[in-house]
Amino acid sequence: PDLHYRGNGSDGMAIVENGISVIPKASSSNHEQENSVISIESIPELTEVENSKVKDALSALMIGRDLITETTFYNALCTNHGPVEVHWKSDTGEEVKVIDKIHPGESNTITDHSGHTFVVFDEEKRSRREFVVSASYGEKGKFSADCLM
């Protein structure tokens, strides 16, 4: 296959740090300069967290899988409420049920995307809390419906 790296230098360095060779294609003298050893050595090293994210993304890419984000919704043990339900809230404000019931002391995990908003209701829909997924791809998030009031 014709694989050409077209990222910034920091991405390229992370690829090399993870044992994947990169042979940059230079279509101009400016690109040759950008791909020079001096230029590449001037790129700061990634942090451990950044390197881990790049490694996860590369692993997913190499096996042809998407990185997913999972969020687990917990219904804390409270005496003042029973099951809760979880709705996804669209950009237009429409709320779509994604989890029917989570009983006290139980949890349910779904696949989602960073930035999605979910609404957790009590059974009578008198109490609600909104939750925005902040986990990045490949990470896991959690939301605890601690005694909805």
* To do: Return yes if a side-chain donor-acceptor contact under 3.5 Å exists between Thr69 and Asp112, otherwise no.
  => no
* Calculate, to the nearest 0.5 Å, the distance between atoms OG and CZ belonging to Ser144 and Arg129 respectively. => 7.5 Å
* Structure fact -> In terms of heavy-atom contacts, Lys142 and Tyr74 come closest through CB-CE1, 3.6 Å
* Asked: Taking Asp122 for the side chain and Ser127 for the main chain, is one N or O donor matched with an acceptor at less than 3.5 Å?
  -> yes
* Looking only at non-hydrogen atoms, find the nearest pair between Glu95 and Val119 and report the distance. => OE2-CG2, 3.7 Å
* Asked: Are His87 and Phe118 near enough that their ring centres are under 6.0 Å apart?
  -> no
* Apply side-chain contact (heavy atoms from CB on, under 4.5 Å) to the pair Val98 and Ile110, showing each step before the final yes or no. => CA-CA 8 Å; Val98 293; Ile110 61 170; 4.3 Å; yes
* Please report the C-alpha distance between Glu123 and Lys101 in whole Å, then the side-chain angles of each, then the deciding distance to 0.1 Å, and finally whether the side-chain contact (heavy atoms from CB on, under 4.5 Å) criterion is met. => CA-CA 8 Å; Glu123 203 167 22; Lys101 287 185 181 179; 3.3 Å; yes
* Parallel, tilted or perpendicular: which describes the rings of Phe131 and Phe73, with under 30° parallel and over 60° perpendicular? -> perpendicular
* Taking atom CD of Glu48 as the centre, does the number of heavy atoms from other residues, nucleotides or ligands within less than 6.0 Å exceed 12? -> no
* Does a sphere of radius 6.0 Å around CG in Asn30 hold more than 12 heavy atoms from other residues, nucleotides or ligands, not counting ones at 6.0 Å or beyond? -> yes
* Which atom names give the shortest non-hydrogen contact between Lys89 and Arg128, and what distance separates them? -> NZ-NH2, 4.4 Å
* Does a salt bridge link Lys125 with Glu85, judged by any charged N lying under 4.0 Å from a carboxylate O? -> yes
* Can you tell if the side chain of Ile102 reaches within under 4.5 Å of the side chain of Val86, non-hydrogen atoms only? -> yes
* Donor-acceptor contact present, side-chain Asn75 to main-chain Gly105, <3.5 Å -> no
* Asked: Do Val96 and Val132 share a hydrophobic cluster (ILVMFWY, side-chain heavy atoms under 4.5 Å, transitive)?
  -> no
* Structure fact -> Contacts of Asn108 meeting side-chain hydrogen bond (donor to acceptor under 3.5 Å, both in side chains) (sequence neighbours excluded), chain-then-number -> none
* Structure fact -> Here the gap from Asp91 atom CG to His116 atom NE2, rounded to the nearest 0.5 Å, amounts to 7.5 Å
